[in-house]
Each structure stands twice: as C-alpha cells, then as structure tokens.
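Note that the structure is predicted; figures quoted are calculated from it, not measured. Whatever order the structure lists ligands and atoms in, that order sets their numbers, starting from 1.
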Amino acid sequence: MSKLIINGGNKLYGEITAESAKNGLLPLLSACILYEGKVTFINCPKIKDILVMLEIIKYLGGKYVFNNENLTVDCSTLHSYELPCELTKKIRASIFTIGAIIARFRKAYFCMPGGCSIGDRPIDIHLDVFKKLGVEVCGDTIVYCRADRLNGAEITLKYKSVGATINALLASITADGKTIIRNVAKEPEITSLITLLKKFGAKINGEGTSTLVVNGVKRLKKENVTFYPISDRIEVGTYVLALLSTGGEIQINNVNFIHNLSLFKKIQNNTCKMVYEDDKIYIKSSGEGSGLGVVKTAPYPFFPTDLQPQISSYATTLKGETTIIETVFENRLKHFDGLKVMGANVLVKGNTAKIKGVNRLTGANVCAYDLRGGASMVIAGLKCDGETVVSNAEVIDRGYYNLEEKLLKLGAKIKRTEL
Ligand code: UD1
C-alpha cells in the first residue's frame with residue numbers, strides 16, 4: 001500500500017505538460033480490438049488503467065509495444081472473445097471492449113465489471129444497446145452475448161452514458177444498414193473515438209451532437225494508423241484547482257481550453273490572470289477567492305463529475321458558500337469525510353454538499369477512497385497547514401501519471417512511502 005506524505009503551504013510555480021487523456025485512450029484501445037491494422041498512439045501515459053486495458057488486449061490475443069512514450073497496438077492476431085474475469089473487475093472501462101468484441105466475433109463472454117466506491121454502476125444501458133442491434137444477451141454475473149448478424153437499429157439511450165455511447169458506436173460500425181443513436185454522450189473523448197473510427201473506415205455522422213448516425217460498413221480498412229489522443233482535461237483541471245488552492249503561477253502545456261470551459265467559467269472570478277494561447281494555459285492566483293455558488297455536475301458540456309471532488313476541495317477555503325450537487329453518480333461525496341477531518345465546514349445531505357469556507361485546513365491522516373477523491377485529498381494536503389498523509393494512494397495512480405514528479409517540479413513538498 002502506498003502513502004503520499006504532503007507538507008502543505010507551498011505555492012506552486014512552474015510549467016508542466018498534460019498527458020494524453022486516460023478516458024480518451026481507454027475507448028481508443030477498445031476500438032483497436034475490431035481493427036486488423038496496427039495503430040500507433042503518440043504520447044500514451046503508462047498509467048495503471050491503460051496498462052490493465054493493454055493486458056486485456058494481450059489476453060484476447062492482440063499485441064502491443066511501447067516505443068518511449070508512443071504505443072503501438074496490433075490486434076490482427078486477436079483470437080478470443082472471452083474477457084478475463086480478474087482483469088475485467090480491475091477497471092470499469094473493460095466494459096468498453098464488449099461492443100468491439102461483438103463486432104469482431106459476433107459473440108462475447110464476460111463477467112460483470114462490478115461496482116465501485118462511487119456507486120453501483122450498472123450496465124443495463126450497454127446491454128439494451130446490444131439487444132437493439134440483434135444480440136442475444138444471457139446471464140447476469142457472467143454474461144454471454146451472441147448474434148448471428150448485427151442489424152442496424154434506432155436506439156435512444158435512457159441516459160447520456162459515456163460507456164454505452166462507446167459500445168453503441170463500436171458494435172454498430174460493421175452492422176448491416178443504418179444505426180441511429182439518440183441521446184448520446186457528447187464528451188470530447190467520444191469525438192476523438194469517432195475520429196479514430198473514421199480512420200479505420202467507419203461511416204459516422206453527427207459527432208458533437210446528441211444524435212449519431214452510423215452507416216454500417218462490411219469491412220474496415222487494414223492499413224496502419226497513427227493517432228494523436230486528446231489532452232487529459234481532468235488532469236489539467238486537477239492541476240488548475242491545485243494552483244488556485246495554493247496560489248502561485250503555472251503554465252500547463254497540451255491543453256484544450258474548450259474541453260475545460262465549464263471549469264474555467266466557474267473559476268474565472270478567482271484568478272488574478274488566465275491566458276490561453278495555442279495549446280498552453282497560464283494561470284496566476286493569490287490562492288484566495290470567493291465561494292463558487294452552485295457547482296452541479298452533469299454530462300458534457302456541463303461541469304464534469306470527474307472534477308467534482310477536486311473543486312470541492314478547492315471550495316473549502318474560499319470566502320463564502322459553495323453548493324456541490326452531484327447528479328451523475330449516486331455516491332460520489334465520500335471525499336468530504338477526509339475534508340471534514342482536515343477542518344472543512346461541510347454539510348452533506350443526499351447528493352448535495354453545502355460548503356462554508358474556512359480560513360485554513362489542517363493536515364491529517366486521510367484516505368484516497370477512489371481516483372478523483374484521492375486527487376481531492378492531495379489538493380487539500382497541498383494547501384493546508386502541516387502534514388497530510390494520504391493512504392491508499394495507489395488508487396490515484398489509476399489516472400495520474402508522474403503525479404509526485406509534476407507537483408515536486410511545481411515546488412510542492414510531497415513524497416511517497418510504500419508499506
Ligand atoms: C465514464 C468515465 C468516468 C466518468 C463518467 C461520467 C471512462 C473510463 N470513465 O465512465 O471517468 O466519471 O464517464 O462522465 O471514460 N449508468 C447506468 N447504466 C448503464 C451505464 C451507466 O445506470 O448501463 C449510469 C452510471 O451508473 C452513472 C451514469 O450512468 O450513474 C454515468 O455513467 P457513464 O456515463 O456510463 O460512465 P462511464 O462510461 O462508466
């Protein structure tokens with residue numbers, strides 16, 4: 001078990017570069033399953049969730065190789081449609097592979113990816129999509145999918161689920177005829193996936209809108225593809241919120257400003273200076289500011305649930321009140337337990353947290369219950385008085401590459417111990 005030990009109080013100064021998006025790469029890697037050419041991803045961070053996804057691909061018979069930061073995946077030799085249970089349970093995103101496996105083999109066999117600390121995370125919408133496309137689905141803890149043929153269909157997702165949108169796309173691109181998918185997720189990671197699928201030869205229209213139209217193709221191309229994944233907007237948001245919490249001046253490279261617009265709008269009154277040029281953002285902050293009003297999470301382009309724990313941490317020391325409303329996951333306010341131990345004034349009721357800003361937080365022993373909740377503990381540790389020990393820190397490694405190195409480079413006092 002890893003612990004992060006942080007001595008808070010240092011302002012952050014310097015320059016860092018954001019990684020390619022973890023949540024962008026996981027669907028891109030899933031898409032490789034249905035492609036027989038080699039795909040090279042430029043700049044792929046070796047973070048845990050991505051490494052698990054690559055192990056899944058290897059288990060299924062595919063190959064991958066890292067050449068420094070670039071990753072090449074070759075699924076021409078893929079032979080299995082059975083997902084390994086142990087790996088499937090390690091990452092929720094293992095479910096993203098099923099649409100591609102069905103498209104390739106017309107069958108798939110997998111165990112449920114399981115719930116996690118932020119909620120139950122059912123897969124009913126994914127399974128409904130498969131059924132609409134003509135797939136027979138049996139079982140509950142172990143699921144077997146089979147289709148003689150995939151038929152284009154009209155599908156309306158009951159929620160803008162990111163994963164179900166991914167599976168609907170992957171399963172329909174080689175289906176017979178046209179598939180219309182309504183109420184889809186519009187996250188930038190979906191648009192990036194569509195760009196890759198088009199390079200594979202898929203015929204998809206409507207990216208960036210709520211309705212996608214897929215005209216099934218008989219065969220995809222087989223030529224080699226090079227692809228540039230989008231930048232990690234959640235990682236960018238995490239460092240921006242860390243900077244606002246401590247004060248200082250930082251530049252982050254490899255940023256797409258539009259992808260983080262909902263965050264930048266929320267914080268603009270609390271920044272001394274914010275400049276965006278090319279793909280770089282420069283931010284200066286005194287570390288002080290006013291309460292944020294209401295921060296309500298919702299599917300893109302609204303405020304991302306994956307930045308809610310981090311902005312909650314930031315809000316604990318702002319003058320005035322902030323109300324956090326979590327609408328995407330039913331149990332994603334657990335980080336407030338740790339923030340309260342550190343002295344935050346918060347009232348949590350249902351999916352809402354009312355924060356009254358305090359002057360300072362105090363270092364304490366806290367736990368990273370989940371990936372983004374862990375990032376929120378780190379932000380609190382960076383700005384508080386004294387020492388903070390964040391246990392279960394390996395969960396943070398699922399989504400942040402070189403976290404300590406980047407924070408040390410910005411002047412934070414942070415180190416890791418392994419038990
Ligand atoms: C993806 C992201 C995750 C992010 C989430 C919402 C990746 C690897 N993960 O997860 O970081 O927090 O989008 O932006 O990209 N739901 C159902 N039934 C389903 C599917 C989803 O009820 O079949 C519910 C979920 O329980 C949740 C909500 O819909 O409450 C959103 O989930 P979804 O958008 O599917 O999230 P993921 O794709 O799993």
Side-chain angles (χ1 to χ4, degrees), residues 20-31 45 47-53 56 88-99 110 112-132 137 140 143 145 155-171 181 183-193 210 229-230 232-235 237-238 259-260 262-263 296-311 325-333 335 351 370-376 395-396 398-400:
S20 299
K22 165 186 91 79
N23 285 357
L25 275 154
L26 291 168
L28 296 175
L29 293 175
S30 302
I47 47 179
K48 274 197 181 162
D49 278 17
I50 287 175
L51 297 178
V52 173
M53 184 61 94
I56 290 176
T88 307
K89 285 185 185 299
K90 275 193 182 166
I91 52 166
R92 163 80 184 176
S94 54
I95 187 72
F96 295 178
T97 61
I98 304 301
F110 61 100
M112 285 286 286
C116 69
S117 56
I118 60 174
D120 263 354
R121 306 189 81 175
I123 60 164
D124 55 318
I125 309 176
H126 300 251
L127 299 183
D128 282 350
V129 164
F130 299 146
K131 286 177 196 164
K132 283 264 165 54
V137 180
D140 41 33
V143 184
C145 297
I155 303 169
T156 301
L157 306 183
K158 72 171 188 200
Y159 184 84
K160 291 178 190 297
S161 156
V162 172
T165 303
I166 292 165
N167 266 328
L169 281 168
L170 296 179
I181 318 161
N183 197 32
V184 295
K186 293 189 280 192
E187 269 67 1
E189 292 76 16
I190 301 278
T191 306
S192 168
L193 170 67
S210 298
I230 57 171
D232 195 325
R233 63 195 167 102
I234 305 303
E235 188 198 21
T238 302
H259 293 173
N260 270 328
S262 59
L263 170 67
K296 184 175 176 183
T297 66
Y300 190 85
F302 300 106
F303 196 87
T305 175
D306 286 354
L307 281 177
Q308 179 267 107
Q310 300 89 317
I311 203 164
I325 307 174
E326 173 56 55
T327 75
V328 180
F329 291 106
E330 79 263 25
N331 189 19
R332 203 176 202 177
L333 298 178
H335 46 282
N351 69 345
D370 62 84
L371 164 58
R372 307 302 173 186
S376 123
V395 79
I396 305 173
R398 290 185 45 196
Y400 293 92

Taking only heavy atoms of [X], which atoms of ligand 1 are found under 4.0 Å from at least one of them?
{"X": "Arg332", "value": "12 (O)"}
{"X": "Ile123", "value": "19 (C), 23 (O)"}
{"X": "Leu26", "value": "8 (C)"}
{"X": "Val328", "value": "27 (C), 28 (C), 30 (O), 31 (C)"}
{"X": "Thr305", "value": "6 (C), 12 (O), 14 (O)"}
{"X": "Gly163", "value": "35 (O), 38 (O)"}

Which bit of [X] gets closer than 4.0 Å to ligand 1, counting heavy atoms only: side chain, backbone, both or neither?
{"X": "Lys158", "answer": "neither"}
{"X": "Tyr300", "answer": "neither"}
{"X": "Ile125", "answer": "both"}
{"X": "Arg92", "answer": "side chain"}
{"X": "Asp306", "answer": "side chain"}

Distance-only side-chain donor-acceptor flag, [X] / [Y], under 3.5 Å:
{"X": "Arg233", "Y": "Tyr300", "result": "no"}
{"X": "His259", "Y": "Glu187", "result": "no"}
{"X": "Glu326", "Y": "Thr297", "result": "yes"}

Close side-chain approach of Ile234 and Gln310, heavy atoms under 4.5 Å
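Ile234 reaches Gln310 side chain to side chain.
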Check whether any side-chain heavy atom of Ile98 lies under 4.5 Å from a side-chain heavy atom of Phe110, and answer yes or no.
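Ile98 reaches Phe110 side chain to side chain.
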Between Lys132 and Ile155, which heavy-atom pair has the shortest distance, and what is it?
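Taking every non-hydrogen atom into account, CB-CG1, 3.8 Å.
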Do any N/O atoms on [X] end up under 3.5 angstrom from N/O atoms on ligand 1?
{"X": "Lys22", "value": "no"}
{"X": "Phe329", "value": "no"}
{"X": "Asn23", "value": "yes"}

List in chain and number order the residues that pass side-chain contact (heavy atoms from CB on, under 4.5 Å) with Ser262, two or more places apart in sequence or in another chain; answer none if no residue qualifies.
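If we apply the side-chain contact (heavy atoms from CB on, under 4.5 Å) test to Ser262, skipping adjacent residues, the hits are Phe303, Pro304.
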Would you give me the side-chain donor-acceptor pairs under 3.5 Å for residues 22-30, sequence neighbours excluded?
unit_1, atom_1, unit_2, atom_2, d
Asn23, ND2, Asp306, OD2, 3.3
Ser30, OG, Leu26, O, 2.9

Quick test of your reading of the model: are Asp124 and Lys158 salt-bridged, counting only N-O distances below 4.0 Å?
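Yes, charged N to carboxylate O under 4.0 Å.
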Assess whether atom CZ of Phe302 is packed by more than 12 heavy atoms of other residues, nucleotides or ligands within 6.0 Å.
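It does not: Phe302 CZ has 12 such atoms or fewer within range.
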Closest to atom 19 (C) of ligand 1 among Pro122, Ser30, Gly24 (heavy-atom distance):
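That would be Pro122.
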